[in-house]
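Notes follow the structure.
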Amino acid sequence: MGFSFGKIFLGPATLPPHAREELTKNDTIPVIVEELSGSIVCRNFRSKHKRTNYQKSMTRASLLITDQHIFCFGGRGRRLVGMPFNDPRTSQMEFSTSKDNLLVIQADVSLTNPNASGQWELRLSTPRAGELCDLIRNNLRRARHG
């Protein structure tokens with residue numbers, strides 16, 4: 001096991017101990033991808049206490065996708081994304097890939113915080129980006145059409 005500054009400064013990119021059992025107890029077998037590196041980008045962010053036109057932060061993350069939910073936890077177990085696919089807000093999020101093996105999740109900040117505005121983007125590097133994006137889109141489609 002190699003030495004990693006990312007693990008020291010950003011925390012481990014594994015699912016929190018409670019998450020694996022708690023989040024999958026009623027769903028089918030999950031797809032779990034851990035130790036992802038990436039970034040969080042905020043554009044034109046406005047809230048009561050913070051304003052920024054552009055901010056980019058590095059992150060490490062784990063991703064859990066079931067037939068009914070999508071969850072993403074940042075380093076040290078901080079929840080970045082956590083919604084069921086049948087939630088109307090999830091269908092307002094954009095899921096895409098880039099040529100650099102990035103899974104990109106984009107959303108308007110007001111979807112989860114009505115007192116804020118701006119755009120939020122999570123970029124996760126994985127060679128499975130295309131496969132994961134297809135799985136997410138298929139689960140969204142299935143949730144919308146029952």
(request) Identify whether Ile40 and Leu132 are in the same connected component of the hydrophobic contact network (ILVMFWY, side-chain heavy atoms under 4.5 Å). (result) yes
(message) Tell me which one of Leu64, Thr59, Leu124 satisfies side chain to side chain contact (heavy atoms under 4.5 Å, CB included) with Cys72.
(response) Leu124
(request) Identify the two heavy atoms, one from Cys133 and one from Thr97, that lie closest to each other, and give their separation to 0.1 Å. (result) CB-CG2, 3.5 Å
(message) Please give me the minimum heavy-atom distance between Thr66 and Phe85, naming the atom from each residue.
(response) O-CE1, 3.3 Å
(message) To the nearest 0.5 Å, what is the distance between CD on Glu94 and CD on Glu121?
(response) 9.0 Å
(message) Taking Ile65 as the starting point, is it possible to reach Leu102 by hopping between hydrophobic residues whose side chains are less than 4.5 Å apart?
(response) no
(request) State the CG-OG1 distance between Asn44 and Thr52, to the nearest 0.5 angstrom. (result) 8.5 Å
(message) Quick check: is Val104 connected to Phe73 through a chain of hydrophobic side chains (ILVMFWY, heavy atoms under 4.5 Å apart)?
(response) no
(request) Compute whether any side-chain donor of one residue and acceptor of the other, for Arg46 and Asn53, lie under 3.5 angstrom apart. (result) yes
(message) Can you confirm whether Ile105 sits close enough to Leu80 that some side-chain heavy atom of one is under 4.5 Å from a side-chain heavy atom of the other?
(response) no
(message) If we ignore hydrogens and angles and just use 3.5 Å, is the side chain of Asn115 paired with the main-chain N or O of Lys48 as donor and acceptor?
(response) no
(request) Kindly give the heavy-atom pair with the smallest separation between Cys42 and Trp120, and that separation in Å. (result) SG-CD1, 4.2 Å
(request) For the pair Thr126 and Leu63, evaluate side chain to side chain contact (heavy atoms under 4.5 Å, CB included) and give the outcome as yes or no after the intermediate values. (result) CA-CA 11 Å; Thr126 174; Leu63 187 66; over 6 Å; no
(request) Indicate yes or no: at least one non-hydrogen side-chain atom of Glu34 is less than 4.5 angstrom from one of Leu36. (result) no
(request) Could you grab the distance from atom CG of Asp100 to atom OG of Ser125, nearest 0.5 Å is fine? (result) 8.5 Å
(request) Keeping the roles fixed (side chain from Arg123, backbone from Gly38), state whether a donor-acceptor pair exists under 3.5 Å. (result) no
(message) Using the rule given for side chain to side chain contact (heavy atoms under 4.5 Å, CB included), can you reason through Lys50 versus Phe45, listing the C-alpha separation, both sets of side-chain angles and the distance that settles it, and then say yes or no?
(response) CA-CA 8 Å; Lys50 186 176 181 179; Phe45 182 84; 4.0 Å; yes
(request) Using modelled atom types only, decide if a donor and an acceptor are shared between the side chain of Arg137 and the backbone of Phe95 within a distance under 3.5 Å. (result) yes
(request) Would you give the length of the straight line joining atom OG of Ser91 to atom CG of Asn86, rounded to the nearest 0.5 angstrom? (result) 10.0 Å
(request) Any chance you could lay out the side chain to side chain contact (heavy atoms under 4.5 Å, CB included) test for Met83 and Thr112, step after step, and finish with the verdict? (result) CA-CA 10 Å; Met83 291 186 174; Thr112 56; 3.5 Å; yes
(message) Quick check: closest heavy atoms across Val109 and Ala116, and the distance to 0.1 Å?
(response) CG1-CB, 3.6 Å
(request) Search all heavy atoms of Asn139 against all heavy atoms of Asp67 and return the closest pair with its distance. (result) ND2-CA, 3.9 Å
(message) Given Val41, which partner from the list Lys56, Gln119, Gln106 fulfils the side chain to side chain contact (heavy atoms under 4.5 Å, CB included) test?
(response) Lys56
(request) Could you grab the distance from atom CE of Met93 to atom CG of Leu122, nearest 0.5 Å is fine? (result) 8.5 Å
(message) What's the separation between atom CZ in Arg89 and atom OG in Ser110, rounded to the nearest 0.5 Å?
(response) 10.5 Å
